[in-house]
Amino acid sequence: MEGLNGLKACQKGISQALAQGGQGCPAPCVAKEGAPGDPKWRGELVQGPGLPMDVGGKGPALDGAKASPEDGSPKGIQAPSLHGAKGNEGPPEAPKLQHLAMRGLSGGHDRSVSSSSTCSSFESSQESDEVFSEEEGKPGRRKMLRKTKSWKTFFTMVHWSLRRHSSWVQLAGHEGNFKPSEGGQILKKFSTVENTCLEALMGDTLRPYVPAYHGVVVKDGEHYIQMDDLLRGLDAPSIMDCKMGVRTYLEEELTKALLKPTPRKDMYQKMVKVDPSAATAEEHSQKAVTKPRYMQWREHISSTASLGFRIEGVTIEGGAVQKDFKQTRTQEQIIDTFLIFTKRQGSILRAYQSRLESMRSALLESAFFRTHEVIGSSLLFVHDRQGRANVWMIDFGKTLPAPPQLALRHDVPWTRGSHEDGYLIGLHHLTHTLQAAQRRLGPEEMPAPSAP
Ligand SMILES: O=P(O)(O)O[C@H]1[C@H](O)[C@@H](OP(=O)(O)O)[C@H](OP(=O)(O)O)[C@@H](OP(=O)(O)O)[C@H]1O
Ligand SMILES: Nc1ncnc2c1ncn2[C@@H]1O[C@H](COP(=O)(O)OP(=O)(O)O)[C@@H](O)[C@H]1O
């Protein structure tokens with residue numbers, strides 16, 4: 001299907017997601033995490049992910065950032081890089097929720113500021129005992145709960161339920177790379193490269209655009225990077241992952257492949273699944289391709305090579321994750337996808353555009369950006385049913401310091417040895433795509449002009 005008509009497939013997929021997202025939405029309706037004894041459990045003020053603006057007019061935007069990551073998390077631990085390791089233990093599958101009672105979420109007012117950015121934040125519910133999953137809401141289940149004699153058992157069950165009802169959704173990337181964590185944070189498998197980047201970014205002008213970093217933790221004998229969960233506190237978030245740049249592989253991966261080609265059978269399989277005619281006769285006979293060959297092919301069948309970004313995955317209001325965008329290549333296809341993704345809400349499209357514009361200014365000021373080639377990094381677009389919208393920079397697992405003698409521009413095509421990533425080319429086209437999407441809307445779909 002994907003090989004035949006990317007747009008049709010993508011629209012069909014997103015429409016299905018829309019249909020599923022509209023009712024009985026699965027997990028991402030999040031109330032709060034935490035255990036008895038945890039301040040959040042007691043209904044005290046908790047911090048939510050930063051949002052640049054409340055396009056739905058539900059609350060004021062705040063500027064400012066907390067000075068440093070939370071104390072108490074072990075920082076700067078020297079550990080071997082795990083980047084690229086494919087873990088087997090993914091986050092636990094989230095059950096469907098019918099309702100996660102949560103008074104105080106939608107009207108959360110800004111009394112605390114997320115460590116990660118300009119933001120709104122949310123109060124946790126005061127009524128923690130109103131939390132039931134769909135299963136727990138069934139009559140038999142209620143009866144069973146009433147019969148529960150031990151408070152300990154009761155609290156254990158509710159705690160288990162809260163933990164499972166985390167907002168966590170993974171749109172792209174390696175399976176098993178993430179673990180949910182308490183307190184509105186997530187754990188990502190440790191890599192020296194990403195850890196070094198996040199540490200540096202906490203002191204850079206880009207800090208408001210990346211998830212707040214909370215150091216390195218060890219869990220079950222493995223090292224993880226702890227960072228803010230960008231979905232925390234959102235009401236049935238819709239999420240899109242766009243991978244940035246005109247190039248998605250490292251120059252060293254190319255050099256390695258030229259010196260000592262490593263045939264990748266898995267990549268050959270992924271290639272011929274999309275387009276059996278894409279492989280050469282030699283590749284067919286070996287049933288393998290090299291990594292740069294696969295990555296370059298992916299760049300050209302999608303919008304990466306031409307527009308400097310591509311859509312990796314989308315979910316709408318907690319519906320199924322759609323990853324069928326390998327052949328979404330033209331600006332028209334991407335405009336259509338954004339219109340479906342935002343349900344044609346002009347206010348959301350405008351908020352995204354404005355966030356990208358301020359991100360661009362920060363990138364141009366950033367010492368980090370000037371000195372790093374940013375490969376395989378994504379922008380995570382997130383909005384929710386309350387009309388809140390934000391865009392974040394994530395995934396720095398292949399973001400490396402450029403050779404010191406090179407002044408990176410980020411807005412020119414890549415040539416071998418230039419270390420250019422084309423990040424600003426992608427940002428330019430994304431901003432234009434959002435503008436073009438807004439031009440497709442009727443006046444009734446655009447937000448009312450703000451009062452003078
Ligand atoms: O999306 P598909 O077509 O499946 O291809 C994937 C993505 O490009 C991964 O990038 P990302 O992690 O940014 O999603 C990449 O991981 P790297 O980050 O390691 O380059 C994988 O390389 P391998 O991990 O070598 O398979 C490659 O197989
Ligand atoms: N801080 C975060 N908060 C919420 N979701 C995140 C966060 N970081 C990553 N994700 C989710 O996980 C997916 C993969 O993340 P990424 O960092 O790209 O992983 P990988 O390094 O395995 O490619 C993203 O598409 C997004 O859905």
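Side chains included, hydrogens not; waters and symmetry mates left out as well; all remaining heavy atoms used. Numbers here are sequence positions counted from 1.
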Derivation of the side-chain hydrogen bond (donor to acceptor under 3.5 Å, both in side chains) call for S378 and D241: CA-CA 6 Å; S378 286; D241 179 311; 2.7 Å; yes
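Using a 4.0 Å cut-off between charged side-chain N and carboxylate O, R344 and E444 make no salt bridge. Salt-bridge formation is detected for the pair R298/E312: a Lys NZ or Arg NE/NH1/NH2 atom is positioned less than 4.0 Å from an Asp or Glu carboxylate oxygen. Salt bridge annotation for K243-D395: absent, with no cationic side-chain nitrogen under 4.0 angstrom from a carboxylate oxygen. R247 and E373 are joined by a salt bridge, as a carboxylate oxygen and a charged side-chain nitrogen come within less than 4.0 angstrom of each other.
Between F325 and S302, the closest side-chain pair of non-hydrogen atoms is not below 4.5 Å. By the 4.5 Å heavy-atom criterion applied to side chains, D275 and I301 are not counted as neighbours.
A side-chain N or O of D204 and one of S366 form a donor-acceptor pair less than 3.5 Å apart. With hydrogens and angles left out, the side-chain atoms of Q333 and T328 include no donor and acceptor closer than 3.5 Å.
Side chain of E251 to backbone of R416: no donor-acceptor contact under 3.5 angstrom is found. Looking at E365, its side chain never comes within 3.5 Å of a backbone N or O of S361 through a donor-acceptor pair.
Shortest non-hydrogen contact noted between Y294 and V289 is CB-CG2, 4.0 Å. Taking both residues in full, the closest heavy atoms of L250 and K398 are given as CD2-O, 3.6 Å, listed atom of the first, atom of the second, then distance. Of all the heavy atoms in R293 and A278, the pair that sits closest is NH2-O, 2.9 Å.
Relative orientation of the F341 and Y352 rings is parallel, given thresholds of 30° and 60° on the angle between their planes.
A distance of 10.5 Å separates CG in L339 from OG1 in T433, rounded to the nearest 0.5 Å. T330 OG1 to D336 CG: the interatomic distance, rounded to the nearest 0.5 Å, is 8.0 Å.
Each of L379, L427, T304, I334 was scored for a side chain to side chain contact (heavy atoms under 4.5 Å, CB included) with F309, with one residue passing: I334.
Heavy atoms from other residues, nucleotides or ligands lying under 6.0 Å from NZ of K256 number 12 at most.
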